[in-house]
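Working notes, structure below.
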Amino acid sequence: MPTLTELSAASRWASALTPKQRDKATVRTVPKGGYVCHKGEAVSQWIGVLEGLVKIATTSSEGKLAAFTGIAAGGWFGEGSLLKEEPRHYEAVALRESRIAYVPRAVFLSLLADNTGFGRFLLVQLNERLGLAMSIIEHQRLLGPDGRVARCLASLLNPTLYPEVGLTLHVSQEEIGLLVGLSRQRVNLALRHLQERQLLRTEHLSMTILDLDGLRSFT
DNA sequence: GCATTAACAGCCG
DNA sequence: CGGCTGTTAATGC
């Protein structure tokens, strides 16, 4: 299992790891529907998606589910809880079989202390997430299902968070439904609407985005 | 009206 | 064949 090379290939910052630090990271395969991490657990690791697709969500005490965002290949999350030393607020579920990397807190903290490039990586990532959250707050009430799908797709194509993702997105309609909280059929309809507006072109198991800014600002 | 579930045929890998 | 997609009908808020 070539976890070291996988990790290096995953992100540029990983090359800053010493061999000893890299040995402390673990990589495992999470099956479709499996938990990548649980809500409420003590946070001791920073988590990266090397391959696959993960949904960040929370379940209320009533069992009500709210999905926040998807994390695509190349994405890292959990730094908030890691920095604050709080129990994890959200859970992460693999929407398809995924390769997940776990970096121990000690390694994360020493990288942060010793490596300015890593600090910069984190800062840019946090800033990007903040921007995402702001745009969700700004538009949420006004957006119908089509808009939510558009926003979801745009966030998965964020070139800052997922560098290696191009303009084609390999996501099924059902996965989009799980991310935005809509039925597969409704997602299908939304995609047809977006296609009519020349914002994207749907294909089998994938779609090509023609107008990313148009998706972001979809009303 | 609008979204959801259920069901089915067609298509792709 | 199995999973994904496109469509329709019935049901619920």
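In what follows, chains carry the letters A, B, and so on, assigned in the order in which the sequence lines appear, proteins first and then strands, with residues in each chain numbered from 1.
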### Task
Please determine, by modelled atom types, if A:Glu128 and A:Asn158 share a side-chain donor-acceptor pair under 3.5 angstrom.
yes
### Query
Can you find a side-chain donor-acceptor pair between A:Ser110 and A:Gln21 that sits under 3.5 Å?
yes
### Query
With a 6.0 Å cut-off on ring centres, are A:Trp46 and A:Phe118 close enough?
yes
Rounded distance (Å) that lies between atom [atom2] of [N] and atom [atom1] of [X]:
X: A:Leu189; N: C:dT8; atom1: CG; atom2: C1'; result: 13 Å
X: A:Arg192; N: C:dC4; atom1: CZ; atom2: P; result: 19 Å
X: A:Glu196; N: C:dG6; atom1: CD; atom2: P; result: 13 Å

### Side chains of A:Ile47 and A:Cys37 in contact at under 4.5 Å (non-hydrogen atoms)
yes
### Query
Is any side-chain heavy atom of A:Leu199 closer than 4.5 Å to a side-chain heavy atom of A:Leu210?
no
### Message
Below 30° counts as parallel, above 60° as perpendicular, anything between as tilted: where do the rings of A:Phe121 and A:Trp13 land?
### Response
tilted
### Task
Respond yes when some side-chain nitrogen or oxygen of A:Asn188 is under 4.0 Å from OP1 or OP2 of C:dG6, and no when none is.
yes
### Message
Quick test of your reading of the model: are A:Arg201 and A:Glu203 salt-bridged, counting only N-O distances below 4.0 Å?
### Response
yes
### Query
Using a heavy-atom distance cut-off of less than 4.0 Å, which residues of residues 173-183 of chain A contact DNA chain B?
A:Gly181, A:Leu182, A:Ser183
## Note on the structure
Contact string for nucleotides 7-13 of chain B, one letter per nucleotide 5' to 3', B = base within protein heavy-atom range under 4.0 Å, S = sugar-phosphate only, - = neither, reads B----S-
### Task
With side-chain contact (heavy atoms from CB on, under 4.5 Å) as the test, would you mind laying out the steps for A:Glu91 and A:Tyr35 before giving the verdict?
CA-CA 8 Å; A:Glu91 62 200 18; A:Tyr35 279 89; 3.8 Å; yes
